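Worksheet: one structure, shown below.
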Amino acid sequence: MVQATALIDANNFYASCEQSLDPALQGKPVVVLSNNDGCIVARSAEARALGIAMGTPFFQARKDLERLNVVVRSSNYALYADMSQRLMSLLERQTEELEIYSIDEAFARLTRPADGDLSHWARHLRAHIKHNLGLPIAIGLGKSKGQAKLANRLAKGIPDHAGLFDLEHCGDPDRWLETIAIEDVWGIGRRLAHWCRSRGISNARELRDMPTGTLKAKAGIVGWRLQRELQGHACLPLDLAPAPKQETCVSRSFSHPITTLEALQEAIATYVVRAAEKLRRQQQRTAALTIYTRTSPFSPGFYSRAASTRLDLPSNDTGALLEAALPLVPRIFQPHRQLAKAGVLMQHLQDTNHLQHHLLAPCDPEEQQRRERLMTTIDVLNRRYGNGTVAWAACGLSPSWMMRRDRLGRACTTRLSDVPVVQA
DNA sequence: TCTGGGGTCCTAGGACCC
DNA sequence: TCTGGGGTCCTAGGACCC
């Protein structure tokens, strides 16, 4: 029985979601912007064909986008998360084991049929996802995760392959691996790519075959493992049950710089409220908390400060976390600084069913239960009637620094008022 | 004018202990 | 006057991912 590892992902996921749910966008060039309408983070195939680069700041690309009639959308993470869940549940039913790796990617393990050929299965899966969700996917197959990643890139890059590439059934793999630039290898970031290039290593095949000692000396065990993966030894197991998060953060850039302590306090309070909701959804409490703020890294005189505190008793109670976080704000604030971004980190997270009592601060169990019921009620109300139905005074009312999302599409799958209406 | 957000893993080095 | 070595734990920072 021969096993194969697959990497399955949606092409241009955010842009494809927008196109799938708005028929008017199909076949048209579409780009999706990051939060605050900052950068281009997704491009439809049509937009890519027009030469629009990934990661370009919107304000720089704006003229070109208008000239080329490109549809521009603000990112709508509630919609993408919902589409992702639907995609993953379909994939789970069509594979033996599945690791959800990111919002639009999953690794799968499969058994090869007697002739070793999985192309029939792959073609069926692509058609199935297209039919049910309107999303195009690409499938890469190999012996390890590292190989599956490379195969997936080839599946997308070679039009003849129709979204499928199998490194075990492609004739001469070395020839294909040489077409993958070193920068495009999974696990090789900017720094390592530069280092590889300076040593004459410029593609995936050369990385696979370079002297192990040299690579290990530079990139440690991570680099060594990566090379083993490319050679076809599966070193990275499939991770079927996601480990509980070790930390969780909420951070945002402001729509325009802020300069007052009050504004920073409101922003931090807003992010603490969001982070506490996240903790409760994850069934976790935090034992430590950090807040930070910074000016724009693109302006001279970069300023960045952080302040941390530990909690006597780990908590996910919004009130308790606000009480811990807000006194830290004056420590990171400086007047006359054009603050561009702030965030909160929740660290040393614990499971809620792992109860820990503090020796010096014995808590009243009845009071604690009352607070927990209050938090649950607030979460239920905000989920049912929309975020902000129950708000915290510390967050301020409709603050001016709130992020910009001027070009939101419809949230058909998550907001009732946006569900398309079909005229009979 | 305007440049995203949320994570993980690994390593080096300091603090501390015996 | 002489001032070791080995271990663990923690933290900060680097690098990478999508």
Side-chain angles (χ1 to χ4, degrees), chain A residues 7 9-14 31-42 53-63 65 72-78 80-81 84 99-107 145-146 149 152-153 182-196 215-226 235-236 239 242-257 271 274-275 278-279 282 284 287-288 290 292 294-299 302 304 306 308 310 338 340-349 401 403-407:
Chain A
L7 177 70
D9 73 349
N11 305 349
N12 325 312
F13 183 56
Y14 298 166
V31 299
V32 177
L33 304 178
S34 64
N35 273 336
N36 245 332
D37 294 348
C39 300
I40 294 171
V41 291
M54 187 75 163
T56 313
F58 177 48
F59 75 92
Q60 280 174 12
R62 188 171 206 147
K63 280 236 169 71
L65 296 172
V72 179
R73 285 284 164 89
S74 301
S75 45
N76 182 350
Y77 290 102
Y80 311 145
S84 174
E99 171 189 338
I100 298 170
Y101 179 66
S102 75
I103 192 163
D104 73 328
E105 279 177 90
F107 287 104
K145 286 182 168 180
K149 270 279 194 181
N152 177 276
R153 175 158 284 273
I182 191 73
E183 290 77 12
D184 295 335
V185 176
W186 185 47
I188 300 294
R190 240 194 16 247
R191 303 275 175 138
L192 280 176
H194 183 255
W195 177 84
C196 286
L215 182 58
K216 201 173 170 190
K218 174 69 181 175
I221 192 149
V222 178
W224 177 72
R225 212 159 43 200
L226 170 62
C235 306
L236 301 165
D239 192 1
K245 285 194 199 308
Q246 300 182 28
E247 57 180 47
T248 238
C249 60
V250 174
S251 70
R252 295 276 184 283
S253 298
F254 306 128
S255 56
H256 60 83
Y271 304 157
R274 285 280 308 123
K278 272 193 185 185
L279 289 176
Q282 293 161 198
Q284 290 181 305
T290 297
Y292 70 90
R294 63 164 175 75
T295 58
S296 165
F298 303 98
S299 308
F302 181 65
S304 166
S308 305
R310 284 170 185 277
Q338 303 277 311
K341 179 177 179 177
V344 306
L345 279 90
M346 303 290 163
Q347 297 150 311
H348 306 308
L349 305 188
W401 44 265
M403 79 173 173
R404 201 162 32 217
R405 280 164 100 190
D406 293 337
R407 295 150 187 275

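Residue numbers begin at 1 in each chain, while the letters A, B, ... track the order of the sequences. What you are looking at is a predicted structure, and each value in this text was computed from that prediction instead of being measured.
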### Message
What is the first contacted nucleotide of DNA chain C and what is the last, in 5' to 3' order, if contact means an atom lying under 4.0 angstrom from a heavy atom of chain A?
### Response
dT11(C) to dC18(C)

#### Entry: Sugar-phosphate only, base, or nothing, as touched by Arg310(A) at under 4.0 Å among non-hydrogen atoms
sugar-phosphate

### Message
Distance check, P atoms only: dT3(B) and dC18(C), in whole angstrom units.
### Response
25 Å

### Summary
The side-chain hydrogen bond (donor to acceptor under 3.5 Å, both in side chains) partners of Glu105(A) (sequence neighbours excluded) come to Ser102(A), Lys149(A)

### Sugar-phosphate, base or nothing in reach of Asp104(A), heavy atoms under 4.0 Å
sugar-phosphate

### Message
What contact category does Glu247(A) fall into here, base, sugar-phosphate, or nothing, at under 4.0 angstrom with non-hydrogen atoms?
### Response
base

### Message
Please compare Ser34(A) and Lys245(A) by the position of their nearest nucleotide in DNA chain B and report the one closer to 5'.
### Response
Ser34(A)

### Task
Note every stem involving DNA chain C: at least three consecutive Watson-Crick or G-U wobble pairs, i with j then i+1 with j-1, with both distances under 3.5 Å.
B:5-18 with C:5-18

### Nearest-nucleotide comparison on DNA chain B, the residue closer to the 5′ end among Val250(A) and Ile221(A)
Val250(A)

### Counterpart residues, side-chain hydrogen bond (donor to acceptor under 3.5 Å, both in side chains), relative to Trp186(A) (two or more places apart)
Tyr101(A)

### Query
What pairs with Tyr292(A) under ring-ring contact (aromatic ring centres under 6.0 Å, His included), at least two apart in sequence or on another chain?
none

### Task
Scan Val185(A) against the nucleic acid and name what it touches under 4.0 Å (heavy atoms): base, sugar-phosphate only, or nothing.
sugar-phosphate

### Message
Using side-chain heavy atoms (C-beta onward) and a distance below 4.5 Å, is Trp195(A) in contact with Ile188(A)?
### Response
no

### Message
Applying a 4.0 Å non-hydrogen cut-off, can you work out what Arg62(A) is touching in the nucleic acid: base, sugar-phosphate, or nothing?
### Response
nothing

### Query
So what does Lys149(A) touch, heavy atoms closer than 4.0 Å: a base, only the sugar-phosphate, or nothing?
sugar-phosphate

### Message
Checking Tyr77(A) now: which residues fulfil ring-ring contact (aromatic ring centres under 6.0 Å, His included) with it, not counting sequence neighbours?
### Response
Tyr14(A), Tyr80(A)

### Message
For a quick check of understanding: with a heavy-atom distance under 4.0 Å over all strands, which category does Ile188(A) fall into, base, sugar-phosphate or nothing?
### Response
sugar-phosphate

### Ser296(A): partners by side chain to side chain contact (heavy atoms under 4.5 Å, CB included), with sequence neighbours left out
Phe298(A), Ser299(A), Ala340(A)

### Crowding at NE2, His194(A) (>12 non-hydrogen neighbours, <6.0 Å)
no

### Query
When all nucleic acid strands are considered with a 4.0 Å heavy-atom cut-off, which category describes Ser296(A): base, sugar-phosphate, or nothing?
nothing

### Message
Please enumerate all residues that pass side-chain hydrogen bond (donor to acceptor under 3.5 Å, both in side chains) together with Gln246(A), with sequence neighbours excluded.
### Response
none

### Message
Counting the atoms with a prime plus P, OP1 and OP2 as sugar-phosphate, which does Phe58(A) contact under 4.0 Å by heavy atoms, base, sugar-phosphate, or nothing?
### Response
nothing

### Partners passing side-chain hydrogen bond (donor to acceptor under 3.5 Å, both in side chains) against Asp37(A) (at least two apart in sequence or in another chain)
Ser74(A)

### Query
Is Arg274(A) touching bases, backbone alone, or none of the nucleic acid, heavy atoms closer than 4.0 Å?
nothing

